[in-house]
Protein chains: 2
Amino acid sequence: MTKDGSGKGDKKAQQYGVTPQSTDFNDWYNEVVKKADLADNSPVAGAMVVRPYGSALWENIVRWLDDRFKATGHESLVFPTLIPMGFITKEADHVEGFAPELFTVSKIGTEVLSEPYVMRPTSETIIGHMWSGWLNSYRDLPFLHYQWGSVFRAELRTKAFLRTSEFFWHEGHTAHADEPEARAEVRQMLDIYHEFCRDVLALPVVRGEKTASERFAGAVATYSIEGMMRDGKALQSGTSHYLGQNFSKAFDVKFQTREQKEEYAHTTSWAISSRIIGAIIMTHGDDFGLIMPPRIAPIQVVIIPVGRKDNFDAMVQEGDALAAELRAQGLRVKVDKRDGVTNGFKYNDWELKGIPVRIELGPRDLEQGVVVVKSRNTDEKETLQRSEAVAGMTTRLDTIHDWLLNRATTYMREHTLEADTYEAFQAAIEAGNWVRAYHCGDAVCEKSIKDDTKATTRNVPLDDAEFFSEPGEGSCVKCGQPSAYGKRVIFGRQY
Amino acid sequence: MTKDGSGKGDKKAQQYGVTPQSTDFNDWYNEVVKKADLADNSPVAGAMVVRPYGSALWENIVRWLDDRFKATGHESLVFPTLIPMGFITKEADHVEGFAPELFTVSKIGTEVLSEPYVMRPTSETIIGHMWSGWLNSYRDLPFLHYQWGSVFRAELRTKAFLRTSEFFWHEGHTAHADEPEARAEVRQMLDIYHEFCRDVLALPVVRGEKTASERFAGAVATYSIEGMMRDGKALQSGTSHYLGQNFSKAFDVKFQTREQKEEYAHTTSWAISSRIIGAIIMTHGDDFGLIMPPRIAPIQVVIIPVGRKDNFDAMVQEGDALAAELRAQGLRVKVDKRDGVTNGFKYNDWELKGIPVRIELGPRDLEQGVVVVKSRNTDEKETLQRSEAVAGMTTRLDTIHDWLLNRATTYMREHTLEADTYEAFQAAIEAGNWVRAYHCGDAVCEKSIKDDTKATTRNVPLDDAEFFSEPGEGSCVKCGQPSAYGKRVIFGRQY
């Protein structure tokens, strides 16, 4: 399959050495991650090494989100990587959820510890403990905290960015005087995630509430954004939890109210992790490799000086000058100055890495005051006046953003089917779609669907979820009981 | 002791509840860290919680250094937090240096590991392992890598920022084709650290080479920057190591040279950690609390609306307007809108937190178009035209920077004495000074000085070290043998 559907892609892709998506999506993913220099395997079971190109992408993600968190009044903190084992067991659901995945530290230097530590799988417990000491009065609230860091959860079958034993994230943690304020925070952060995905990463995602059996361990309500990958599977791309008073009761996070009464705080937590990079790869990539959404791309424009030996240096100089003009517009630009490789190799290399725009700079073009411009999402090269190429670059990047978002949205809509019989449900899942179906809300029934089809409930779209939020009533697609959610639930296989 | 030496400080400091430096420097430090909301103790032995004010300071440090690393061509990566135990033992000196401090992970989920992991004390080993796979030809070099993250080294007696079992840092790691290029890198990074300390943190530091017994475990040469705290002790504030081929041989980091021969890479590593925050506190602080160097301060200017109940809201609005004018100059400004506390409490609170400039905004001043401005390093309040206060703010902050740097430089010079007899040496150390003395270079002799006085060699200043670099020859201050370094060595007690 190719960008324009011409079939030409298969041959080109083979030359570049990436398995086509249609042949084996999993191989395609692993090859792209490695060949685009995003990440590599490590000698530590389940952990990856993020290489400079992947790290630069993650840094851009961190910066955008971090700015947004600060703009909405949140403050960063740094809590220890280790947590006393006893903390994890204090919240009953929490320990049940995380115990099988814990990394245990039982020796420091030569000292064997009587109470071991665990490497944090998430930090609700230790943060609850600290808050307990910091919180006195309603005047201290809200606590609007977050931290960036690594977390550790054992994974048997790992896959770069998507499922690694060590992964990177922010975890937001807030405490409020009452439930409505806490719930408003949960919703605010979900909406920020949605905005980030749509407007920065060009990822369409469905905002909704998780069913009870898919909730975070210890939460009263869990909300998620769900995206569809190009193999039809879902990727939960961010979560926001209302924790009620579960953790504040377990860790004694209480305060004196305005009316001089003692009350437990209402807490929330929310996160986006490095798996969002997996979503970028699997939503936008094609048989030629990655396509980086322009607003987050570490390199937005690559300039290739095309010259022979005797004028290559002059072309490189021209490339630097052009790069300076583009950078003056705030763009991230690279000039490929490698002299040991062919132009064709360079083109393929940067296509694989998904650079949104390539500019070729040749001596003859230069004489005529033109450059050759190619957007990553088309096969066409355009010859433009140099000044026109510079002036139009931001618009061009926006166009690529829109193209990516539209393509992904169309794909998601086309691969989301309604089913009112279990046969239709199973067939649609088997064919690699999401299914919108009525469900009774019973956890046992939900589990039986999962056992049959490997599909789980993704979420129940919010009323203003942008996608799939139409109200409706019907019979459970599996058991025939009345539907529980006032609308269809999204089912799908997931990463 | 007070800012102007008037003795007034003691009383004021007691009111604010901070032990004066002269009474107990250690208590002063611990109280300032806690009361200024920089950090708190954690339930994890040896680890701290960095609170929002400390975290904002660290983020500013990270951003400045990170920009500089990128500007000098370095790329960030992310390596796993865990390292296979077997890696640590591959470089003989390295394992000897770190074995007593290691955090060992021997269980994941319910699985007991046959080969345990350690939480990284530093990452030379795993990075060497990865490089070995990435490096083929001289064309691949140099590798100019760094990562930000936590490292773990068991500490028995801990102290926030200065000595914690988990601390935060960048670790730079580079690989080069030959020794001169590697040594130039080592020097470049030392100079960047020096520039950062002097021009951003207002910290005078001495660039020099460590003696053999103070080298990093596995290094051929270690360079450091050393600063003097206000109790006369030294703080090693950054290090840059030339590792020769030690790690590349242990981890098989080799490449084909231009001449088609196989050669091991020459590697370097360098770091500044969160202990630099300890240096800021202990170099600039006084009996009133912190003094934040203006160029790194999370809040550079605090505006206190001074009003009674009926006009407080109007003053707050004025404060926001003034803040907007200052922010338009790129300044970091906070308006203190708390209404449950007195103005006096606010003044003390922000003095304790070391905000470089305070502006008081009262209704009568406002009628006259003036504001009251107070710099943290003086006791004087100035009444200035509002426009004048705004226009002069950047210069005012620069003046505070210079004042801090000069004060610290004077202090360091006054408390660095030359000694040519061992009696004079011991007396000078005991009185809380650094000592410049000739030394024979013998490790046993050096150790005997440490055993006698708790003073160690800080470094041998470089020829262009800015401080204490005069060449000279003499007899070892301890054993009388000829001096080994062509100049005096700096000795001091250290953090």
Side-chain angles (χ1 to χ4, degrees), chain A residues 39-56 58-59 66 75-84 87 99-111 113 116-117 119 126-127 129-130 133-134 139 145 147 149-150 152 154 156 164-166 168 274 338 340, chain B residues 39-56 58-59 66 75-84 87 99-111 113 116-117 119 126-127 129-130 133-134 139 145 147 149-150 152 154 156 164-166 168 274 338 340:
Chain A
D40 201 354
N41 300 327
S42 90
V44 178
M48 63 181 164
V49 172
V50 183
R51 298 190 69 173
Y53 191 48
S55 180
W58 180 240
E59 285 176 352
D66 196 82
E75 299 180 306
S76 73
L77 288 85
V78 192
F79 292 89
T81 300
L82 296 178
I83 296 178
F87 280 28
E101 305 176 356
L102 296 173
F103 284 65
T104 309
V105 175
S106 45
K107 199 171 136 195
I108 298 179
T110 55
E111 188 202 350
L113 304 172
Y117 292 107
M119 296 174 78
I126 194 165
I127 292 178
H129 173 88
M130 295 308 299
W134 297 339
R139 288 175 188 275
H145 295 160
Q147 75 172 349
S150 286
F152 304 85
L156 286 179
T164 49
S165 293
E166 174 174 4
F168 322 111
S274 41
R338 289 177 288 182
Chain B
D40 202 354
N41 299 327
S42 90
V44 177
M48 63 181 165
V49 173
V50 183
R51 300 190 68 174
Y53 191 48
S55 180
W58 180 240
E59 285 176 352
D66 195 83
E75 298 180 307
S76 73
L77 288 87
V78 192
F79 292 89
T81 300
L82 297 178
I83 296 178
F87 279 28
E101 306 176 355
L102 296 173
F103 285 65
T104 309
V105 175
S106 46
K107 199 172 137 196
I108 298 180
T110 54
E111 188 202 350
L113 303 172
Y117 292 107
M119 296 173 77
I126 194 165
I127 292 178
H129 174 88
M130 295 307 300
W134 297 339
R139 288 174 188 274
H145 295 159
Q147 75 172 350
S150 286
F152 304 85
L156 287 180
T164 50
S165 293
E166 175 174 4
F168 322 112
S274 41
R338 288 177 289 182

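Letters A, B, ... mirror the listed sequences (proteins, then strands); counts begin at 1.
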Could you check which of A/Arg139, A/His145, A/Glu101, A/Glu59 has the highest count of heavy-atom pairs closer than 4.5 Å to chain B?
A/Glu59
What part of A/Leu113 gets within 4.5 angstrom of chain B, counting heavy atoms only: side chain, backbone, both, or neither?
neither
Part of A/Phe103 within contact of chain B (heavy atom distance under 4.5 Å)
both
If one checks every heavy atom of B/Ser150 against chain A at 4.5 Å, the contacting part turns out to be side chain
Listed pairs under 3.5 Å, donor-acceptor, residues 42-53 of chain B side chains, sequence neighbours left out:
from, atom 1, to, atom 2, distance (Å)
B/Ser42, OG, B/Val44, N, 2.9
B/Ser42, OG, B/Val44, O, 3.1
B/Ser42, OG, B/Ala47, O, 2.8
B/Arg51, NH1, B/Asp37, OD1, 3.4
B/Tyr53, OH, B/Lys353, O, 2.6

Using non-hydrogen atoms only, which part of A/Trp58 is less than 4.5 Å away from chain B: side chain, backbone, both, or neither?
neither
Nearest 0.5 Å, please: how far is CG in A/Asp40 from CH2 in B/Trp134?
6.0 Å
For the atom pair CE (B/Met119) and CG (A/Leu82), what is the distance rounded to the nearest 0.5 Å?
4.0 Å
Given that the side chain runs from C-beta out, which part of A/Thr81 has a heavy atom under 4.5 Å from chain B: side chain, backbone, both or neither?
both
Would you mind checking which part of A/Pro100 comes under 4.5 Å of any heavy atom in chain B, side chain (CB onward), backbone (N, CA, C, O), both or neither?
backbone
Could you have a look at B/Phe79, B/Tyr117, B/Phe152 and say which one has the most heavy-atom pairs with chain A under 4.5 angstrom?
B/Tyr117
Rounded distance [0.5 Å steps], CG in B/Asn41 versus CE in A/Met130:
7.5 Å
Specify the closest pair of heavy atoms between A/Ala154 and B/Ile108, including all atoms of both residues, with the distance to one decimal.
CB-CG2, 3.3 Å
